[in-house]
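These notes concern the structure reproduced below.
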Amino acid sequence: MRIRTNMHDDPLSHLLRLAQIESVVSGGFSTGGQWAMRFPAPDKVKFFVAIRGSCCFHFDDDPQPLHLASGDVVLLAAPRGFIVGNHATEHPTPAREAFAGRPGAIVHVGSKTEQEQMFLGGHVRLASTYGHLLSEALPPYIHVQSRTNLPQATALSWVLDQLVHEHEALPGAGLARSQLAHLLFVQVLRAHLAAGGTLPAGWLRAATDARLAPALRGMHEAPQHPWRLQELAQRCAMSRTRFAALFREVAGQTPLAYLTAWRMQLAARALDEENASVAQLAQQLGYGSESAFSHAFKRATGKSPRHYARALNGQGVASSA
C-alpha cells in the first residue's frame, strides 16, 4: 500500500480528487411566456444554467432576488428552497410535478412561444466521507455572469455550448456530458475567484490562494515530511509571523493543524479503499510509531484506525446520490 498523491496536481486538484467530486447534468427545461417553479431545499450542491433567456431566483430566506441573464451560471450550496421564474406568483409549479414522468432529459414548462427559453440543471456528487471538505467550504451560492470580459467567462461559455450540443443523440454523449459538467464546476470556481469573489475560510479557500500554494503543494505531495513552520514560510517567501497569520486567516486553522488534518484525510481514504495497515500508514504519513498515528487519527475522527476500518468493512462508505 502506498499513500497516493499526484505529484503534478495543484492543491485544488488534490482536494477535488479526495472529495471524489462528480458533476452530473440531470436535465433541464424549456419554457415560454410567464412561468415560475418552486424547488425544495437541495440536499447536495446544485448548479443551474441559463442557456437561453433570463430568470430570477427568489430564495426562501432572502427578499432580494438573484437575476440570471442568458449564459449565467449559479452554483447553490446552501440547503434552502427557492422559486425560479420570470413571473412572481403565489402558486408556482412544484418542480417535482413539472419533471414527473418526463420522457426525456428536457421538459417544457409554461406556454409555447417563438421566444422559447432554455435552462439546464444538475448537481455535484461528493463522497460522504470526504465531501464535507468541499461542501462546507463553499459560500451559499456562486453567481457567474456571462457579461464579464474575464477569460474564465469565455471558457465557461464554451463549456455551456458543448453541454447543449451533447444533449443531442450523439455516440458517447452521456460520458461527454459528465466530463463537461465536471469542467463546468471547476470553471465556475475559477470565474468566481477571478471576478474577486470570496470563499469562506477553509480547505477550498486555502487550495485556491496563490500566496500559500508553495506550502500547500509541499504538504500535499510529501505529507510524511516533518514540516516545520519556518520551512513552510520560506517556501512562500514570508516571515514565520506573516505566513502563520495569513494561513490562519485563509484556512481557518494553523499550518501544522492543516497538515495533521490532511494526513488524516489521506489515512481515511487508504483505510476505505485499500484496507491499509496501521503500521504502513504510520510510516507513510511521518509518524514515529503506530501509537502516535493512532492517537492522532482518533483525535481527528473519534475512532481508532482499526475501529474506523471495521466500520467501513461492515457498512461501506457510499457516495451521496
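All of these numbers come straight from a predicted model, not from anything done at the bench.
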Exercise. Distance from Leu75 atom CG to Lys46 atom NZ, nearest 0.5 Å?
Worked result: 11.0 Å
Exercise. So does His307 have more than 12 non-hydrogen atoms from other groups sitting under 6.0 Å from NE2?
Worked result: no
For this session: Return yes when atom CD of Gln253 has more than 12 non-hydrogen atoms of other residues, nucleotides or ligands closer than 6.0 Å, and no otherwise.
Result: yes
For this session: Identify the heavy atoms of Ala268 and Tyr308 that sit nearest to each other, and give their distance.
Result: CB-OH, 3.6 Å
Exercise. side-chain contact (heavy atoms from CB on, under 4.5 Å) between Trp262 and Leu285: does it pass, once the steps are laid out?
Worked result: CA-CA 10 Å; Trp262 178 245; Leu285 291 172; over 6 Å; no
For this session: Run through Arg263, Gln284, Met264 and flag the one making a side-chain contact (heavy atoms from CB on, under 4.5 Å) with Phe293.
Result: Met264
Exercise. Is there a donor-acceptor contact under 3.5 Å linking the side chains of His14 and Arg17?
Worked result: no
Exercise. Crowded around Lys298 NZ? As in, over 12 foreign heavy atoms under 6.0 Å?
Worked result: no
For this session: Consider only side-chain N and O atoms of Gln187 and Trp158, and report whether a donor and an acceptor are under 3.5 Å apart.
Result: no
For this session: Might you point out which heavy atoms bring Ser294 and Val278 nearest each other, and give the distance in Å?
Result: OG-CG1, 3.6 Å
Exercise. Which atom names give the shortest non-hydrogen contact between Leu180 and Gln162, and what distance separates them?
Worked result: CD1-CB, 3.7 Å
For this session: Give a yes or no on whether His108 atom NE2 has more than 12 heavy-atom contacts from other residues, nucleotides or ligands under 6.0 Å away.
Result: yes
For this session: Assert yes or no for the condition that the ring centre distance of Tyr141 to Phe57 is strictly below 6.0 Å.
Result: no
Exercise. Is any side-chain heavy atom of Trp35 less than 4.5 Å from a side-chain heavy atom of Thr93?
Worked result: no
